[in-house]
Amino acid sequence: MRFLRGHINLYTKFAILFVGIVAVSLTVGTAWIRQSQEAQVEREMLETTRVLAQEMDAVWEFMETNQSQFKLGSDGTYNLYCVVAAKAVSRIFTRDSDYVIHYTNTTTRKPDDAPDDFELEALEALKSDPSLEYYYGFDERDGTRVFRYMEPVYITESCLECHGDPAGEIDIKGYPKEGMQLGDIAGVASITMPTQTFDTTLGENVLRESMLLFLVLASGLAVIFFGISRLVTRPLKKLQVSMGHIEEGRFDEGLASLTVGNNPGERDEIADLTKHFRSMACQLKSLCENLSTQVSERTAQLKEANDILEEQRAHLEQNNRKLLEDNRYKTDFLSIMSHELRTPLTSVLAFVDVWANTYEPRDANEKKIVDEIASNTQVILSIVNNILEAARMEAGKQTLNLDEVDLFDLVPMVKEQTLALAEKKGIEMTVSLDRTMPVISADEEKLRRILENLVSNAIKFTGEGGSVRISALHDAERGMAVLRVEDNGQGISPEDLEHVFDSFIQGTSQGSHIGGGSGLGLSVVKQLAELHGGWVEVDSREGVGSAFSVWVPTRAGEGGNSGEDGGWDGGNGGEGGEDGGNGEGEGDAE
């Protein structure tokens with residue numbers, strides 16, 4: 001299990017490594033030694049058999065040279081042939097040794113001379129390749145490994161008498177001639193040599209040289225192991241012990257054992273490592289000694305900071321409560337005051353309307369005064385209504401009272417309510433309605449508030465003799481209705497444009513405060529449009545005029561795409577002209 005978990009010290013790792021190196025080297029070395037020895041034994045066997053074959057050739061040559069001395073009688077027969085003498089010598093040699101010498105051919109005159117399988121293989125090889133001087137190899141005989149050597153025997157002049165032409169003629173020994181020619185292979189001289197002695201010598205040599213190799217490897221690796229132990233593992237062990245002392249906080253003991261070496265001038269990788277570690281340990285000791293003081297100081301500072309934060313949090317919480325209370329008071333005050341103001345203002349407008357509808361003759365001065373009262377009362381009432389809307393929005397109490405709304409009724413109604421303000425400044429008001437506009441689902445009172453604020457704002461910031469245009473357009477593809485109010489007034493400066501929908505903010509450009517106001521109108525427009533699931537866009541150029549477009553879904557809760565991907569193009573779309581043309585729109589609603 002220790003092996004599997006990897007908890008092996010450096011000594012054991014080096015020992016395993018060295019044993020592995022010795023085992024691999026010894027295996028490879030032994031295999032190489034055995035191969036070399038086998039090659040050497042093979043060469044020795046080949047040389048021995050070749051010498052023996054040369055001796056047998058010498059006997060053959062001697063008998064052939066002196067064969068004439070062995071003739072008997074006047075008929076020219078021999079009492080001893082060269083081949084007979086050679087075979088006799090080979091039998092004697094075989095009888096007194098473990099060697100076997102055998103003369104054979106593919107076809108023989110005596111059964112004892114017939115070739116075995118190895119000899120047949122040698123005959124075929126020698127006959128097929130005339131340049132081959134001999135043929136040899138290892139074989140098995142009677143369960144014993146033997147070395148076989150074959151050397152060709154060629155037809156000489158003396159052999160033609162028994163083996164030459166004409167083929168089939170009976171020779172002097174009573175056998176038919178084979179019709180061989182001078183230089184043909186008459187057969188092979190086969191020598192079989194036992195390999196037991198050589199194999200024994202081979203095993204001894206391999207064992208001896210393997211042991212020598214093992215001793216050399218073991219000695220070399222032992223020296224290397226000792227050197228590594230002395231120069232690497234022992235210093236690392238000391239370093240490990242020192243690290244253990246330092247880890248336990250015993251810096252003095254750890255630093256005392258961190259010695260670079262006996263030789264002050266000793267410089268190597270381990271010495272450099274020890275030197276750097278000692279420096280690091282000294283720094284760590286200094287840090288640890290100061291750590292307690294630093295921790296105490298930091299703890300005190302942190303406690304002080306926490307106390308300050310707690311005090312600030314309590315102060316902030318108190319301020320938040322006060323702000324919430326003030327905001328509630330403000331909202332309640334605005335609601336109460338707006339409501340209290342709204343009632344008398346409504347009464348004033350009612351009495352003005354009653355006065356205007358009486359049939360008693362009025363002079364021009366009276367009518368001007370009453371109209372002034374009506375217009376200013378309408379402005380104040382609009383401001384009060386905006387304050388009430390803003391207060392409801394802030395309190396989160398504003399909801400939609402959905403109903404079917406016909407913009408063909410709503411837009412002219414808003415025009416009539418604001419017409420007095422426009423006529424007072426001589427402003428021309430026109431209405432354009434898209435006749436494809438369906439009846440939409442919305443809060444009619446809030447849509448009226450949106451239009452009233454936009455128209456009032458346009459009248460307020462448009463000079464004498466200007467014009468204001470109210471349009472109701474239908475975007476069928478998006479499923480949106482667009483309420484658009486355009487004027488040719490003073491416009492909005494670029495620096496004021498980004499704050500135009502903020503509450504209680506009015507433009508700071510020249511002439512922007514004409515007519516006064518609370519700064520809530522456009523903020524209420526934006527909030528009411530978003531309450532319907534729509535949005536509001538503004539396109540204004542200073543000195544040219546402004547155009548405000550409010551997008552609301554034709555069916556509540558089914559708002560189209562945001563106006564950021566492109567609003568209305570500023571034109572009249574499919575509506576009629578200002579003077580009531582017969583195009584797709586309903587024309588001027590005046």
Considering only heavy atoms from C-beta outward, does the side chain of [X] approach that of [Y] to under 4.5 Å?
X	Y	result
Val482	Val550	no
Asp539	Phe548	no
Leu447	Ile440	yes
Val468	Glu428	no
Ile492	Glu542	no
Leu531	Gln527	no
Phe408	Met437	yes
Val552	Met480	no

For residues [X] and [Y], report the shortest heavy-atom separation together with the two atoms involved.
X	Y	answer
His532	Asp443	NE2-N, 3.1 Å
Ala458	Val485	CB-CG1, 4.0 Å
Gly491	Ser546	CA-OG, 3.5 Å

Which residues pass the salt bridge (Lys or Arg N to Asp or Glu O under 4.0 Å) test with Lys303, sequence neighbours left out?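 Applying salt bridge (Lys or Arg N to Asp or Glu O under 4.0 Å) to Lys303 gives Asp307.
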
Residues forming a salt bridge (Lys or Arg N to Asp or Glu O under 4.0 Å) with Glu310, sequence neighbours excluded: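 Checked Glu310 against salt bridge (Lys or Arg N to Asp or Glu O under 4.0 Å); matches are Arg313.
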
What's the spacing between [X] [atom1] and [Y] [atom2] if we round to 0.5 Å?
X	Y	atom1	atom2	value
Leu419	Lys424	CG	NZ	13.5 Å
Gln301	Ser296	CD	OG	11.0 Å
Leu407	His474	CG	NE2	10.0 Å
Ile470	Leu451	CD1	CG	6.5 Å
Ser432	Leu473	OG	CG	6.5 Å
Glu486	Ser467	CD	OG	9.0 Å

Start with the C-alpha gap between Arg555 and Ser441, add the side-chain angles, then the distance that decides, and say whether side-chain hydrogen bond (donor to acceptor under 3.5 Å, both in side chains) holds. CA-CA 5 Å; Arg555 310 306 298 175; Ser441 175; 4.5 Å; no

Does atom CD of Glu464 have more than 12 heavy-atom neighbours from other groups under 6.0 Å away? yes

Heavy-atom count around Glu404 CD within 6.0 Å, excluding the residue itself: above 12? yes

I'd like to check the side-chain contact (heavy atoms from CB on, under 4.5 Å) partners of [X]; sequence neighbours left out, ordered by chain and number.
X	answer
Leu316	Asn320
Glu477	Asp475
Asn457	Lys460, Phe461, Leu522
Val223	none

Backbone of [Y] reached by a side-chain donor or acceptor of [X] within 3.5 Å:
X	Y	value
Thr554	Gly479	yes
Asn453	Val525	no
Lys425	Gly463	no

Measure up the Trp535 and Trp551 rings against each other and bin them: parallel (under 30°), tilted (30 to 60°), perpendicular (over 60°).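 Plane angle under 30°, so parallel.
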
List the steps, then state whether side chain to side chain contact (heavy atoms under 4.5 Å, CB included) holds for Arg449 with Leu528. CA-CA 9 Å; Arg449 171 62 52 194; Leu528 292 179; 3.5 Å; yes

Partner set under side chain to side chain donor-acceptor pair (under 3.5 Å) for [X], not counting sequence neighbours:
X	result
Arg321	Glu317
Ser456	none
Glu297	none
Asn319	His315

Under the side chain to side chain contact (heavy atoms under 4.5 Å, CB included) criterion, do Val455 and Lys415 qualify, and how do the steps go? CA-CA 8 Å; Val455 173; Lys415 177 190 173 184; over 6 Å; no

Step by step, work out the side chain to side chain contact (heavy atoms under 4.5 Å, CB included) result for Glu444 and Leu410. CA-CA 8 Å; Glu444 184 174 6; Leu410 180 64; 4.2 Å; yes

